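See structure below.
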Amino acid sequence: MLPLRKNFGRQAWTGKVMQPEAPPDIQSIGLYTLALFYATTKQEASAQEALRQATAHKPDPAIESIILYTLASCYVTTNQKA
């Protein structure tokens, strides 16, 4: 698990790009980035929620597939049986 400070920094950055005055493209990039961060740190529920919000802003099947692949990879590595 990442230190709380690093996690907080990523969330704070995303909060800034999600301001109403930020262009929609920037908002979706922020959400996709947050979703990928959560996926790579095995925070599955948070990754899925950020991905849902990102696709609601601006669907991008290529980025979505990368995040879903990362989530699936995390699932496989944590649920492998010896």
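Counting from 1, the numbers follow the sequence of the chain as shown. None of the values given here were measured: they were computed from a predicted structure.
- For the atom pair L71 CG and Q43 CD, the distance stands at 11.0 Å (nearest 0.5 Å).
- The nearest pair of heavy atoms linking A35 to A47 is O-CB, 3.6 Å.
- Going from atom CD1 of I67 over to atom CD of Q48 covers 11.5 Å, rounded to the nearest 0.5 Å.
- The nearest pair of heavy atoms linking Q27 to Q19 is NE2-O, 3.0 Å.
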Handout entry: Worked verdict on E44 versus Y38 for side-chain contact (heavy atoms from CB on, under 4.5 Å)
Key = CA-CA 7 Å; E44 297 172 27; Y38 284 141; over 6 Å; no
Exercise for the section: Might you work through the side-chain contact (heavy atoms from CB on, under 4.5 Å) test for L31 and L51, ending with a clear yes or no? Expected result: CA-CA 7 Å; L31 286 167; L51 182 58; over 6 Å; no
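- The CD atom of Q53 lies 7.0 Å from the NE2 atom of H57; values are rounded to the nearest 0.5 Å.
- Residue K58 comes nearest to Y32 through the heavy atom pair O-OH, 2.9 Å, listed as atom of the first residue, atom of the second, then distance.
- If you chain together hydrophobic residues whose side chains sit under 4.5 Å apart, L36 and I63 fall into the same group.
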